[in-house]
Amino acid sequence: MFITLEGMDGSGKTTAIKTLKSFLEKQGYEVLMTREPGGHKISEEIRNLVLSDNAEGIHPWTEALLYIASRKEHIDKVILPALKENKIVICDRYMDSTSAYQGHARGIGIDVVDSVQHSVLDGCVPDLTVYFDISLEESNKRLTSRDDEKNRLDREGSTFKEKVEQGYKILINKYPERFKVVDASQSIKNVQEQTNKIILEAIKNYEKRKSNR
Ligand code: TMP
């Protein structure tokens with residue numbers, strides 16, 4: 001089963017999933033946690049380029065295509081092999097990030113980016129996408145209080161971030177069967193519990209559907 005996690009920068013999703021792997025392993029599942037952009041050698045090289053200041057002024061399509069190229073390598077070298085071994089693959093950001101950030105916020109258009117992705121990614125669409133929902137104000141507060149180095153996209157202004165949020169809301173409406181929303185404004189412990197519960201339930205339903213086929 002393929003699960004992806006999405007949200008604004010500062011939504012706390014990376015912290016929220018710290019207990020997820022061990023939680024699922026205790027239930028007997030083999031789990032691969034990975035992230036985008038990155039997750040494999042060539043994809044990490046693309047990550048370094050696309051998030052660096054050297055990419056300042058990049059054309060929206062070049063940016064989108066770099067993320068998609070990085071994703072293609074990640075799918076081919078990491079995600080598909082793990083899915084073939086029946087692992088639960090959990091990816092921190094995936095195709096919806098490109099649709100929200102480049103498709104909507106950069107103005108290319110969600111539908112056109114989605115259609116490119118559907119061709120290039122060869123049907124490798126998540127079975128479940130968990131969206132970590134947080135207000136723009138709270139996500140900015142969390143970003144400011146983080147002492148790690150901010151990347152090129154973290155430093156974008158509030159108009160861009162509002163559009164990213166809008167983009168995600170459009171995607172949640174467009175793919176209601178795939179998205180589940182977690183209220184990420186709660187305490188870390190609550191968000192972790194909510195996330196673990198939603199994902200475990202989804203895995204069990206997925207297994208049920210598979211065994212009925
Ligand atoms: P992160 O690893 O801190 O989430 O940083 C990745 C940044 O890249 C984040 O700001 C979201 C952005 N991004 C896109 O704009 N498009 C994409 O397709 C992906 C995967 C990430």
Side-chain angles (χ1 to χ4, degrees), residues 2-18 20 33-40 42-79 89-121 124-126 129-134 136 139-140 142-168 170-171 175 184:
F2 182 29
I3 300 166
T4 59
L5 312 165
E6 295 284 351
M8 314 267 297
D9 296 289
S11 65
K13 80 185 146 38
T14 310
T15 311
I17 57 170
K18 284 207 170 120
L20 184 57
M33 302 286 291
T34 187
R35 67 151 186 193
E36 290 204 351
H40 188 260
I42 300 170
S43 314
E44 290 288 337
E45 292 283 335
I46 299 176
R47 176 187 178 96
N48 291 338
L49 167 64
V50 81
L51 294 182
S52 79
D53 291 346
N54 291 339
E56 208 57 66
I58 192 169
H59 190 282
W61 261 117
T62 315
E63 188 179 56
L65 292 170
L66 281 172
Y67 279 114
I68 296 169
S70 140
R71 181 159 307 128
K72 184 72 185 174
E73 280 308 299
H74 190 208
I75 291 174
D76 188 53
K77 308 290 189 301
V78 178
I79 296 176
V89 177
I90 301 178
C91 191
D92 186 350
R93 296 197 180 282
Y94 190 68
M95 60 189 294
D96 300 302
S97 286
T98 312
S99 303
Y101 282 75
Q102 284 69 49
H104 193 69
R106 294 275 191 238
I108 299 175
I110 287 187
D111 289 344
V112 65
V113 168
D114 269 7
S115 99
V116 171
Q117 297 211 83
H118 278 107
S119 324
V120 176
L121 306 182
C124 192
V125 172
T129 300
V130 179
Y131 178 70
F132 290 81
D133 193 20
I134 194 155
L136 205 55
S139 74
N140 277 334
R142 289 187 184 177
L143 262 186
T144 322
S145 68
R146 256 170 35 186
D147 47 15
D148 54 350
E149 210 184 311
K150 307 282 175 285
N151 67 45
R152 192 173 59 83
L153 281 105
D154 288 332
R155 294 195 304 267
E156 285 282 351
S158 56
T159 311
F160 179 80
K161 290 181 178 172
E162 272 164 28
K163 286 197 192 142
V164 172
E165 189 185 24
Q166 261 175 21
Y168 274 125
I170 293 171
L171 289 163
Y175 303 112

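Counting starts at 1 for both ligands and their atoms, following the listed order.
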### Task
Measure from the ring center of Y101 to the ring center of Y67 and say whether it is less than 6.0 Å.
no
### Task
Can you see which heavy atom on R152 is nearest to which on V50, and at what distance?
NH2-O, 2.7 Å
#### Entry: Heavy-atom pair with the smallest gap, counting every atom of A184 and S11
CB-O, 3.6 Å
### Query
Has E45 got more than 12 heavy atoms of other residues, nucleotides or ligands less than 6.0 Å from its CD?
no
### Query
When you check the gap from the basic side-chain N to the acidic O, do R93 and D9 get nearer than 4.0 Å?
yes
### Message
Less than 4.0 angstrom from a charged side-chain N to a carboxylate O is my criterion; do E149 and R155 meet it?
### Response
no
#### Entry: Residues lining ligand 1 [heavy-atom distance under 4.0 Å, listed by chain and residue number]
D9, E36, P37, R47, L51, Y67, R71, R93, S97, T98, Y101, Q102, N151, L153
